[in-house]
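Below: one structure, written as structure tokens.
Below, chain A is the first sequence line, B the second, and so on; all start at residue 1. The figures that follow rest on heavy atoms only: side chains count, while hydrogens, waters and symmetry mates do not.
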Amino acid sequence: MENTDLAQALAEMADLLELSGGNAFKVRAYRQAAELIDTHPVPVAQLLAAGTLEDLPGIGAHIRQHLADLLAHGSFPELDAVRGQVPEGLLEVLRVEGVGPKTALAAWKGLGITTVDGLEAACRDGALAGLPRMGAAKARNIQKAIERYRGRRGRVLLHRALPVAEALVRHLAKVKGVEQAEAAGSLRRRKETVGDLDLVVAAKDAAPVMAAFRTAPDLVSVEASGPTRATGRLRSGLQVDVRVVEPDVFGAALHYFTGSKAHNIAVRTRAMKAGLKLSEYGLFDARGKRLAGRTEEDVYRAVGLPWIPPELREAQGELEAAERGRLPDLVELDDLRGDLHVHTRASSDAKSTLDEVAGEARALGLAYVAITDHTRSRPLGLDDAALAAHAKAIRAADAKRHGGPRLLAGAEVDILGDGSLDIADEVLDGLDLVVASVHQRLNDAREVMTARMVKAARSGHVHVLGHPSNRQLGTRDASDFDLEQVIAAAKPKHVALEVNAQPDRLDLTDQACRLAKAEGVPVVISSDAHHAGQLENLRYGVWVARRGWLEKKDVLNTLPLEKLRARLAH
DNA sequence: GCCGTTTTCGGCCCGACTGTTTTCAGTCG
């Protein structure tokens with residue numbers, strides 16, 4: 001069992017306890033331990049062996065024992081016991097946004113509902129609305145949330161799919177005779193969510209690869225299996241397609257299975273116009289002679305194009321740009337010099353200390369980090385005086401550090417309902433960096449939300465608009481606002497827009513990045529880390545930026561600190 | 001269940017928002 005699986009078991013324990021009316025603090029203890037483990041870089045098995053597991057904050061003797069039991073037999077007694085008390089389907093009901101333990105419990109005890117389907121029926125026929133403290137509006141909202149929930153089922157967030165795909169690729173790459181193995185599909189294009197995994201393997205003899213696939217870790221069923229291709233399903237529910245090809249045509253196959261479909265059609269049409277034929281088996285001339293296939297570069301070259309990065313392959317103008325030699329020189333993770341949105345334990349529910357954040361940033365080679373804790377409108381947020389004191393503490397810590405990163409005193413302030421900020425101007429003006437974000441009244445009407453953001457952008461006290469759309473992938477739709485108006489307001493004030501790299505936000509979107517670039521408004525790629533380990537999430541933000549055609553020059557935190565300061569000045 | 005200690009029990013984040021109510025319960029972050 002890996003950390004993710006262990007975390008899932010603890011999270012399930014938390015959900016079940018909550019549904020069986022357990023102590024709320026106990027529930028939280030399990031949930032916090034689950035979150036900690038899910039993002040912890042070292043395998044729990046290793047910590048357990050070293051005897052240092054209980055050093056982690058939030059892991060005590062009981063949970064340590066539970067983890068040991070999980071590693072030994074996949075479960076622990078308390079989990080088994082509570083599983084027997086609550087219908088299994090009720091856990092899924094909790095996944096619906098707006099449905100918490102109380103609602104789920106009331107639906108179960110009051111109406112015998114134990115599934116999402118049952119809940120939906122009860123929303124429709126009015127049974128749910130008849131329960132105490134329920135009503136028509138509530139039922140309507142839950143029904144809508146169920147639709148959203150269904151919409152996201154089947155697609156997995158990139159950060160969940162990526163390690164799974166990488167593990168499968170490693171597994172197949174080890175097979176004797178395999179020359180190359182790679183994950184293709186939307187995962188390779190770094191789309192924010194992934195529907196299934198497409199693995200392409202180059203080997204002269206396919207049989208050993210297929211045999212190895214059938215014994216791949218986490219594979220629960222094989223739904224189709226022929227001599228060179230197979231389809232299976234993983235424990236997570238994700239479908240995996242494997243295709244084995246001759247090494248001579250690996251490039252053509254990789255190109256074909258990477259897509260997108262629209263991009264493939266565009267390239268194939270281009271080949272046809274030149275009298276050529278393109279398929280996953282290579283590029284052929286009219287007489288059927290293979291002209292290219294070993295690498296993607298060969299394939300593109302044979303149709304008169306430079307290699308196009310997978311993130312751009314969406315038939316959104318990349319062929320035309322390639323033809324004219326105008327492909328963007330896409331930003332890379334190594335280009336980032338700093339992170340401008342990081343939380344610490346000083347406020348909010350973040351977990352790490354200033355030192356831990358600085359240590360992690362250093363390990364990642366970052367030259368600067370802006371500490372941007374929440375302000376007074378958030379639970380535990382800092383008020384004017386506390387923020388000023390916090391800034392002083394950050395600067396003191398910065399002065400004491402040797403060898404980087406530099407620590408910038410910042411804040412993530414709230415954009416209030418009327419578009420004003422929740423911290424006094426003179427306090428904000430004493431900071432190095434101000435991120436302004438909407439955290440409340442996310443469903444304001446389009447004009448109202450646009451006006452709030454425009455006012456914040458024009459305030460003269462803000463450097464970055466944080467997670468501008470407020471979406472959360474699979475659970476919360478983006479707020480309704482006019483991005484173009486916000487961009488237009490940001491530009492003269494030198495306010496940058498954030499690509500929030502939290503894997504379930506990725507906000508701005510790729511398309512919004514492209515719009516910002518077209519209007520000449522810079523972007524910053526920020527982790528919004530609530531735990532030092534989450535600084536690594538910056539890579540997800542980089543991929544969004546790449547999908548949005550952004551180059552190094554479009555991203556402000558690729559600048560050295562002094563140049564960044566100059567660009568952010570008002 | 002964890003943690004810290006006034007060191008083995010008592011506290012553990014709390015405010016905004018929504019929809020239900022007419023003062024508040026549930027959910028979320």
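The pair K400(A)-D355(A) fails the salt-bridge criterion, with no side-chain N (NZ, NE, NH1 or NH2) lying under 4.0 Å from an Asp/Glu carboxylate O. Contact check on E97(A) versus R148(A) returns a salt bridge, with a Lys/Arg side-chain nitrogen under 4.0 Å from an Asp/Glu carboxylate oxygen. A salt bridge links D80(A) with R83(A): the distance from a Lys NZ or Arg NE/NH1/NH2 to an Asp or Glu carboxylate oxygen falls below 4.0 Å.
Of the candidates dT20(B), dG29(B), dG1(B), the closest approach to any side-chain atom of R378(A) belongs to dG29(B). When distances run from any side-chain atom of E97(A) to the nucleotides dT27(B), dC28(B), dC13(B), the shortest one goes to dC28(B). Proximity note for T103(A) (side chain, C-beta onward) versus dC17(B), dG1(B), dG26(B): the nearest is dG26(B). Listed nucleotides: dT27(B), dG19(B), dC12(B). Nearest to the side chain of N141(A): dG19(B). Nearest nucleotide to the H62(A) side chain, out of dG29(B), dG1(B), dC17(B): dG1(B). Set against dC12(B), dT18(B), dT27(B), the side chain of R28(A) has dC12(B) as its closest nucleotide. The side chain of K138(A) lies closest to dT20(B), out of dC2(B), dG29(B), dT20(B). Comparing dA16(B), dC2(B), dT20(B) by their nearest atom to the side chain of Q440(A) picks out dA16(B). Set against dG1(B), dG29(B), dA16(B), the side chain of Q472(A) has dG29(B) as its closest nucleotide.
R64(A) comes within 4.0 angstrom of nothing in the nucleic acid, heavy atoms only. Backbone-only contact: I59(A) has heavy atoms under 4.0 Å from sugar-phosphate atoms and none from a base. If you check every strand for non-hydrogen atoms under 4.0 Å, Y30(A) touches sugar and phosphate atoms only. Contact annotation for L56(A): backbone-only contact, meaning every heavy-atom pair under 4.0 Å involves sugar-phosphate atoms and none involves a base. Residue-level contact check: A136(A) touches the backbone only, with heavy atoms under 4.0 Å from sugar-phosphate atoms and none from bases.
Under a 3.5 Å cut-off, the side chain of S479(A) and the backbone N or O of L442(A) do form a donor-acceptor pair.
Rounded to a whole Å, the CZ atom of R441(A) is 19 Å from the P atom of dG15(B). Separating the CG atom of L128(A) from the P atom of dT20(B) is a distance of 10 Å, rounded to the nearest angstrom. In this entry the distance linking CD1 of I142(A) with C1' of dT27(B) reads 11 Å, nearest Å. D383(A) places its CG atom 13 Å from the P atom of dG15(B), with the value rounded to the nearest Å. Computed from coordinates, the H343(A) NE2 to dG29(B) P distance equals 14 Å when rounded to whole Å. We find that CG of D422(A) is positioned 14 Å from P of dG15(B), with the value rounded to whole Å. Rounded to an integer number of Å, the gap from R140(A) CZ to dT20(B) C1' is 13 Å. In this entry the distance linking CZ of F76(A) with C1' of dG1(B) reads 11 Å, nearest Å.
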For residues 502-510 of chain A, run the donor-acceptor check on the side chains, cut-off 3.5 Å, and write out each pair with its distance to 0.1 Å, sequence neighbours left out.
unit_1  : atom_1 : unit_2  : atom_2 : d
Q502(A) : NE2    : D528(A) : O      : 3.3
Q502(A) : NE2    : D528(A) : OD2    : 2.7
D507(A) : OD1    : S469(A) : N      : 3.0
D507(A) : OD1    : S469(A) : OG     : 3.1
D507(A) : OD2    : S469(A) : N      : 3.0
D507(A) : OD2    : S469(A) : OG     : 3.2
D507(A) : OD2    : N470(A) : N      : 2.8
T509(A) : OG1    : A512(A) : N      : 3.1
D510(A) : OD2    : R547(A) : NE     : 3.0
D510(A) : OD2    : R547(A) : NH2    : 3.2

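The distance between the ring centers of H463(A) and H461(A) does not fall below 6.0 angstrom.
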For nucleotides 21-25 of chain B, give me every protein contact, N/O to N/O, under 3.5 Å, one pair per line with atom names.
unit_1  : atom_1 : unit_2  : atom_2 : d
dC24(B) : O2     : R133(A) : NH2    : 3.0
dA25(B) : O4'    : R133(A) : NE     : 3.1

Show me the protein contacts with nucleotides 5-10 of chain B, counting only N or O atoms at under 3.5 Å.
none

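Contacts of R471(A) classified as salt bridge (charged side-chain N to carboxylate O under 4.0 Å, His left out), with partners at least two apart in sequence or in another chain: E192(A). Residues passing the ring-ring contact (aromatic ring centres under 6.0 Å, His included) test with F481(A): none are found, sequence neighbours excluded.
Look at the P atom in both dG26(B) and dT20(B): the space between them is 14 Å, to the nearest Å. If you take atom C1' in dT8(B) and the same atom in dG1(B), they sit 15 Å apart, rounded to whole Å. When the P atom is used for both dT18(B) and dG11(B), the distance is 33 Å, rounded to whole Å.
The aromatic rings of H159(A) and Y540(A) lie perpendicular to each other, with more than 60° between the two planes, well past the 30° mark.
None of R376(A), H374(A), Q440(A) except one satisfies the side chain to side chain donor-acceptor pair (under 3.5 Å) rule with D414(A); the exception is Q440(A).
Between F25(A) and A29(A), the residue anchored closer to the 5' end of DNA chain B is A29(A), taking for each the nucleotide with the nearest heavy atom. DNA chain B is contacted by both M13(A) and Q32(A); M13(A) maps to the nucleotide lying nearer its 5′ end (nearest heavy atom per residue).
Pairing of dT8(B), defined by two Watson-Crick or G-U wobble distances under 3.5 Å, is not identified with any nucleotide.
Within the structure, ring-ring contact (aromatic ring centres under 6.0 Å, His included) pairs that include any residue of residues 74-127 of chain A comprise H66(A)-F76(A) (at least two apart or interchain).
The two residues N557(A) and G338(A) come nearest to each other via the heavy atoms ND2-O, 2.9 Å.
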